[in-house]
**Student:** 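Would you mind keeping the following structure in view while I ask a few things?
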Amino acid sequence: GLCCPGRDPACLSAGRRPDGSSGPCYCDQACARTLDCCHDYTQACPVIPCVVSQWSAWSGCAEPCKTTYRVRTRLIIQEPRNGGEPCPAVEERAGCVEYWTRQGTECQQSLIPALITTGGFGKARKKRAAADGSERPGYCVEFQLVAITPGCLHSHHSSTGWMRYLREGHTVCVECQPPALHSPAQHCHGDGTGSHQNQLLHWQAVGNHRCQGTWRRIRQLDTCSCPSVHSFLFI
């Protein structure tokens with residue numbers, strides 16, 4: 001009738017051990033390691049693992065308009081006993097940004113990561129806009145690249161080769177043009193509008209989730225003259 005947690009020399013009885021010998025035998029969890037359990041220990045004190053519920057749905061972000069976290073939780077349905085595996089974590093957090101306030105207004109643009117692609121796609125965009133008469137003037141923003149993940153340098157596919165032109169310390173020119181030029185605000189998401197001087201802003205390359213980094217906004221150019229090599233587009 002004994003089942004003692006942990007190591008407890010006082011948790012003993014007299015009887016047979018699993019090896020067939022007789023004498024003092026123990027009923028604590030440590031006996032499984034020291035091999036001096038009573039013969040019926042595993043039947044009388046079976047290992048009972050921890051059982052937890054499914055994860056709850058993710059909560060909303062802890063605060064809007066900030067890089068913060070969201071939470072999900074689960075409940076302990078059964079505590080472990082008799083040497084069962086301990087319970088896993090019952091709370092998880094994940095990075096989170098909400099771009100809208102609780103009142104439904106848009107947060108500052110400096111919080112929104114810029115999605116960029118090669119400037120070569122801009123020619124096709126302009127041809128389509130001119131054909132349907134919807135062409136609107138855009139603008140360009142110059143940034144200084146601060147940090148780049150190694151995934152940008154390992155882009156060997158023909159559609160992602162342009163990412164190799166991203167280099168830390170270089171100045172890049174990113175064009176905002178329709179349809180990425182949103183109405184009525186007339187700006188591209190992630191262009192750094194409203195950011196403070198020298199504030200680090202985030203960008204992500206389209207087509208390779210491992211290629212991302214940070215940059216600082218230098219200036220906005222209302223007349224675009226981006227060089228061909230370090231020229232990119234907001235998506």
**Student:** Which Ile, Leu, Val, Met, Phe, Trp or Tyr residues join Ile77 in one cluster when any pair of side-chain heavy atoms under 4.5 Å counts as a link?
**Tutor:** Val51

**Student:** Which distance, rounded to the nearest 0.5 Å, do you find between the OG of Ser13 and the OH of Tyr41?
**Tutor:** 13.5 Å

**Student:** If you link I, L, V, M, F, W and Y whenever their side-chain heavy atoms are under 4.5 Å apart, who else ends up in the same group as Ile218?
**Tutor:** none

**Student:** Quick one: which of Leu233, Thr193, Leu181, Asp191 gives a side chain to side chain contact (heavy atoms under 4.5 Å, CB included) with Cys176?
**Tutor:** Leu181

**Student:** Could you work out, with side-chain hydrogen bond (donor to acceptor under 3.5 Å, both in side chains) as the rule, every residue matching Thr223, not counting sequence neighbours?
**Tutor:** none

**Student:** Please table the atom pairs, donor to acceptor, closer than 3.5 Å between any side-chain atom in residues 2-10 and protein atoms at least two apart or in another chain.
**Tutor:**
from, atom 1, to, atom 2, distance (Å)
Asp8, OD1, Ala10, N, 3.1

**Student:** Taking side-chain hydrogen bond (donor to acceptor under 3.5 Å, both in side chains) as the test, write out the residues that go with Ser21, two or more places apart.
**Tutor:** Asp19

**Student:** Gln144: which residues meet the side-chain hydrogen bond (donor to acceptor under 3.5 Å, both in side chains) condition with it, sequence neighbours left out?
**Tutor:** none

**Student:** Mind checking disulfide (SG to SG under 2.5 Å) for Cys25 and listing every partner two or more places apart, or none if nothing turns up?
**Tutor:** Cys38

**Student:** Can you name the ring-ring contact (aromatic ring centres under 6.0 Å, His included) partners of Tyr26, sequence neighbours left out?
**Tutor:** none

**Student:** If you link ILVMFWY side chains whenever their heavy atoms are less than 4.5 Å apart, which other residues fall into the same cluster as Ile76? By chain and number, please.
**Tutor:** Val52, Val90

**Student:** Applying salt bridge (charged side-chain N to carboxylate O under 4.0 Å, His left out), can you list everything that pairs with Arg93, at least two apart in sequence or on another chain?
**Tutor:** Glu91

**Student:** For Glu142, give me all partners under side-chain hydrogen bond (donor to acceptor under 3.5 Å, both in side chains), at least two apart in sequence or on another chain.
**Tutor:** Arg219

**Student:** According to salt bridge (Lys or Arg N to Asp or Glu O under 4.0 Å), does anything in residues 35-50 pair up with another residue at least two apart or in another chain? List the pairs.
**Tutor:** none

**Student:** Any side-chain heavy-atom pair from Trp215 and Ile116 closer than 4.5 angstrom?
**Tutor:** yes

